[in-house]
Undergrad: 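Quick one: this structure, given as structure tokens, is what I'll be asking you about.
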Amino acid sequence: KLIIADQRKSATGSAEISVESNATAGKSTLPAGLTTITITNTNVTDSTLVYITPITATSNQVLYVKSKVAGESFTIAVDNPTSEDIQFNYWIIDLKQ
């Protein structure tokens with residue numbers, strides 16, 4: 001199943017941001033100066049794979065999936081904050097065995 005939907009953003013502190021979505025594919029932005037963004041999404045499971053594709057420059061930072069919480073969210077991170085926003089696409093795939 002593929003769901004593409006709008007997202008809502010909310011700041012959760014000075015070092016991270018949270019986005020709400022029910023989409024299995026989407027686009028988001030890690031704001032300049034921050035190292036993490038949490039995407040709230042109930043499609044995340046223990047067997048979910050999250051693929052990330054940066055679509056803007058990353059200042060040589062690698063975006064990675066820092067954590068997943070089944071039924072709740074996943075967090076994307078970089079090791080060091082950048083001076084420019086990093087836009088990226090994501091795709092959530094649930095592996096069924």
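Nothing fancy with the numbering, it's 1 onward along the sequence.
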Undergrad: Output yes when a side-chain donor or acceptor of T82 lies under 3.5 Å from a complementary backbone atom of E84, and no otherwise.
TA: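 Yes; judged by distance alone, with no hydrogens or angles, the pair exists.
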
Undergrad: Closest approach of T56 and D85, non-hydrogen atoms and distance?
TA: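 In terms of heavy atoms, the two residues are closest at OG1-O, 3.7 Å.
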
Undergrad: Would you mind reporting whether T36 and K66 have side-chain heavy atoms less than 4.5 Å apart?
TA: yes

Undergrad: Side chains of I39 and S28: does their closest heavy-atom pair fall under 4.5 Å?
TA: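 Contact flag for I39/S28 side chains = yes.
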
Undergrad: So which atom in P54 and which in L63 form the shortest heavy-atom distance, rounded to 0.1 Å?
TA: CG-CD1, 3.4 Å

Undergrad: Are any of the side-chain heavy atoms of T48 and N43 separated by less than 4.5 Å?
TA: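 No - every pair of side-chain heavy atoms lies 4.5 Å or more apart.
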
Undergrad: Given side chains that start at C-beta, do those of V78 and T58 come closer than 4.5 Å, heavy atoms only?
TA: no

Undergrad: How long is the straight-line distance from OG of S59 back to CG of N80, given to the nearest 0.5 Å?
TA: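 OG of S59 is found 10.5 Å from CG of N80.
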
Undergrad: With N41, which of T24, I92, V50 fulfils side-chain contact (heavy atoms from CB on, under 4.5 Å)?
TA: I92

Undergrad: According to the ring pair (Phe, Tyr, Trp, His ring centres under 6.0 Å) rule, which pairs have a member within residues 24-48, sequence neighbours left out?
TA: none

Undergrad: Heavy atoms, side chains only, cut-off 4.5 Å: are F88 and I37 in contact?
TA: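 Heavy-atom side-chain distance check passes, below 4.5 Å.
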
Undergrad: Got a sec, which residues hit side chain to side chain donor-acceptor pair (under 3.5 Å) with Y51, two or more places apart in sequence or on another chain?
TA: none

Undergrad: Hey, does Q61 have a side-chain heavy atom less than 4.5 Å from the side chain of D79?
TA: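 Result yes, sub-4.5 Å side-chain heavy-atom pair found.
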
Undergrad: Determine whether a donor-acceptor pair (N or O, by modelled atom type, separation under 3.5 Å) exists between the side chain of N89 and the backbone of K27.
TA: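 Looks like no, no N/O pair under 3.5 Å.
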
Undergrad: So T38 and T75, side chain to side chain donor-acceptor pair (under 3.5 Å) or not? Walk me through it.
TA: CA-CA 4 Å; T38 299; T75 299; 3.0 Å; yes

Undergrad: Do S47 and D94 have side-chain atoms, one donor and one acceptor, less than 3.5 Å apart?
TA: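 There is such a pair (donor and acceptor under 3.5 Å, judged by atom type) between the side chains of S47 and D94.
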
Undergrad: Below 4.5 Å, heavy atoms only, C-beta onward: do V65 and I76 meet side chain to side chain?
TA: yes

Undergrad: Side-chain heavy atoms nearer than 4.5 Å, only ILVMFWY residues, links allowed to pass through others: does that put W91 and L49 together?
TA: yes

